[in-house]
Amino acid sequence: MKYNLPKGYLSYSSMQLWKTNKVDFRKKYYSTVPYEFDTPYTQFGKMIAETLEDKKKTKAHPVLSKIPLYATREQPLIHEIDGVLIKGFVDSFDKRWKRIIEIKTGICKDGAPPWDHVKVRKHDQIRLYSLLVKELFGSVHPVVKLIWLETCWKERCGMVTFGGKEFENCTPELELTGRFEVFERTIEEWEYDHMRREIVRIVTEISEDYRHYLKFST
């Protein structure tokens with residue numbers, strides 16, 4: 001089946017956005033006007049991801065240097081699944097044994113961490129990336145790891161000069177607390193079929209919606 005996608009491919013983030021907020025999906029992917037909706041949390045996550053890409057910076061970092069990682073960082077995954085081009089990047093990848101690590105930052109709310117074994121079990125990104133690795137490399141290690149890095153808000157203060165006088169200026173910033181947790185998740189064979197069906201369901205909905213958008217926007 002020929003699908004009609006605004007970018008010609010899907011990613012986990014685009015699939016997730018379609019499921020959670022179709023209005024924002026259309027603003028981001030249909031419109032010719034650039035539309036980004038970064039938050040302090042997403043910006044901080046990007047900063048951590050960029051640091052992890054650089055092995056020297058990771059080794060020098062007081063927290064990230066303690067995380068168990070594989071040799072390859074930001075392994076690209078670009079492959080067609082049932083007629084749908086999917087693009088993604090694995091945070092940490094072991095090419096020999098085809099092992100996957102995904103890294104997440106997150107703040108505790110009311111003392112409860114954002115990740116636990118149940119949430120990791122339900123996380124479709126792990127299923128998707130495991131399927132892509134299996135298709136691209138011929139096999140994948142069944143145990144996938146998700147590492148949660150705890151973050152918190154902290155005031156960063158410095159002196160500023162205004163009107164010839166110095167003042168202390170404090171702004172809230174996110175930082176890593178140093179605490180992290182490693183979750184292990186075994187992917188079952190049936191989950192690959194589930195993921196394929198989910199991809200087809202989402203791409204069909206987007207394709208039909210985008211055709212309707214093009215028809216009535218011209």
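What you are looking at is a predicted structure, and each value in this text was computed from that prediction instead of being measured. Numbering of residues begins at 1 and proceeds along the displayed sequence.
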Interatomic distance, CG@D82 vs CE@M195, rounded to 0.5 Å, equals 11.0 Å

For the ring pair Y3 and Y9, is the centre-to-centre distance below 6.0 Å?
no

Is any NZ, NE, NH1 or NH2 atom of the basic residue among D54 and R73 found under 4.0 Å from an Asp or Glu carboxylate oxygen of the other?
no

Going from CG on L146 to NE2 on H123, what distance comes out if it is rounded to the nearest 0.5 angstrom?
6.0 Å

Side-chain contact, heavy-atom cut-off 4.5 Å: L176 with I48?
yes

Would you check if the side chain of T58 reaches a backbone N or O of S65 as a donor-acceptor pair within less than 3.5 Å?
no

Can a salt bridge be assigned to the pair E205 and R201 using a cut-off of 4.0 Å between side-chain N and carboxylate O?
yes

Heavy atoms of F89 and Y129 approach each other most closely as O-CE2, 3.2 Å

Audit row: R197, I199, side-chain contact (heavy atoms from CB on, under 4.5 Å) steps and yes/no:
CA-CA 5 Å; R197 289 193 298 271; I199 290 168; over 6 Å; no

Roughly how far, to the nearest 0.5 Å, is CZ of R179 from CD of E150?
5.0 Å

Does a side-chain N-to-carboxylate-O contact under 4.0 Å join R26 and D209?
yes

Please check if atom NZ in K154 has more than 12 non-hydrogen atoms from other residues, nucleotides or ligands closer than 6.0 Å.
no

Check whether any side-chain heavy atom of N4 lies under 4.5 Å from a side-chain heavy atom of S207, and answer yes or no.
yes

Non-hydrogen atoms of Y30 and I206 that approach each other most closely:
OH-O, 3.6 Å

Are I81 and L10 connected in the hydrophobic side-chain network, where two residues link if heavy atoms are under 4.5 Å apart?
yes

The test is salt bridge (Lys or Arg N to Asp or Glu O under 4.0 Å); show your working for E188 and R127 and say whether it passes.
CA-CA 9 Å; E188 307 290 343; R127 288 189 179 116; over 6 Å; no

Please check this pair: side chain of K98 against backbone of D94, looking for a donor-acceptor N/O pair closer than 3.5 Å.
no

Applying a strict under-4.5 Å side-chain criterion to I, L, V, M, F, W and Y, I'd like to know whether W115 and V143 cluster together.
no

Does any non-hydrogen side-chain atom of Q43 lie less than 4.5 Å from one of K46?
no

Do you know the tightest heavy-atom contact between L174 and P40?
CD1-O, 3.5 Å

Test your reading of the model: is there a side-chain donor-acceptor pair from R121 to the backbone of T186, 3.5 Å cut-off?
yes

Side-chain touch E53/T51, heavy atoms, less than 4.5 angstrom:
no

Could you state the interatomic distance from OG1 (T42) to CE (M47), rounded to the nearest 0.5 Å?
12.0 Å

Is L128 close to M15 at the side-chain level, that is, under 4.5 Å between some pair of heavy atoms?
yes

Is a side-chain donor or acceptor of S130 paired with a backbone partner of I126 at a separation under 3.5 angstrom?
no

Donor-acceptor under 3.5 Å (K55 side chain, T72 main chain):
no

Approximate separation, where rounding is to 0.5 Å, of E181 CD and L149 CG:
11.0 Å

With side chains defined as the heavy atoms from C-beta onward, is the minimum distance between E184 and H117 less than 4.5 Å?
no

After noting the C-alpha distance and the side-chain angles of E50 and K57, does the key distance pass the salt bridge (Lys or Arg N to Asp or Glu O under 4.0 Å) rule?
CA-CA 9 Å; E50 290 171 359; K57 289 183 180 179; over 6 Å; no

Would you call Y12 and L17 a side-chain contact if the rule is heavy atoms closer than 4.5 Å?
no

Applying the 4.5 Å side-chain criterion to the ILVMFWY set and letting contacts propagate, would Y29 and L85 be lumped into a single cluster?
no

Steps toward side-chain contact (heavy atoms from CB on, under 4.5 Å) verdict (R156, E175)
CA-CA 10 Å; R156 187 80 60 186; E175 68 174 18; 3.6 Å; yes

Residues that K19 engages under salt bridge (charged side-chain N to carboxylate O under 4.0 Å, His left out), provided they are two or more places apart
D124, E198

Quick check, are the ring centers of F93 and Y70 under 6.0 angstrom apart?
no

Side-chain heavy atoms under 4.5 angstrom apart, residues restricted to Ile, Leu, Val, Met, Phe, Trp, Tyr: same cluster for L214 and V203?
yes

With a 4.0 Å cut-off on N to O distance, would you call E80 and K87 a salt bridge?
no

Less than 3.5 Å apart, which donor and acceptor atoms pair up between the side chains of residues 100-110 and the rest of the protein, not counting sequence neighbours?
residue	atom	partner	partner atom	Å
E102	OE2	D91	N	3.2
K104	NZ	Q125	OE1	2.5

Heavy-atom pair with the smallest gap, counting every atom of F44 and T151:
CE2-CG2, 3.3 Å

L64 with F183, same ILVMFWY side-chain cluster at under 4.5 Å
no

Please give me the minimum heavy-atom distance between G178 and V63, naming the atom from each residue.
CA-CG2, 3.8 Å

Please examine the side chains of K134 and E189, heavy atoms only from C-beta on, and report whether any two atoms are closer than 4.5 Å.
yes

Side-chain donor or acceptor of K22 paired with backbone N/O of W18 under 3.5 Å:
yes

Is there a donor in the side chain of S14 and an acceptor in the side chain of S11, or the other way round, less than 3.5 Å apart?
yes

Search all heavy atoms of E155 against all heavy atoms of C170 and return the closest pair with its distance.
OE1-CB, 3.9 Å

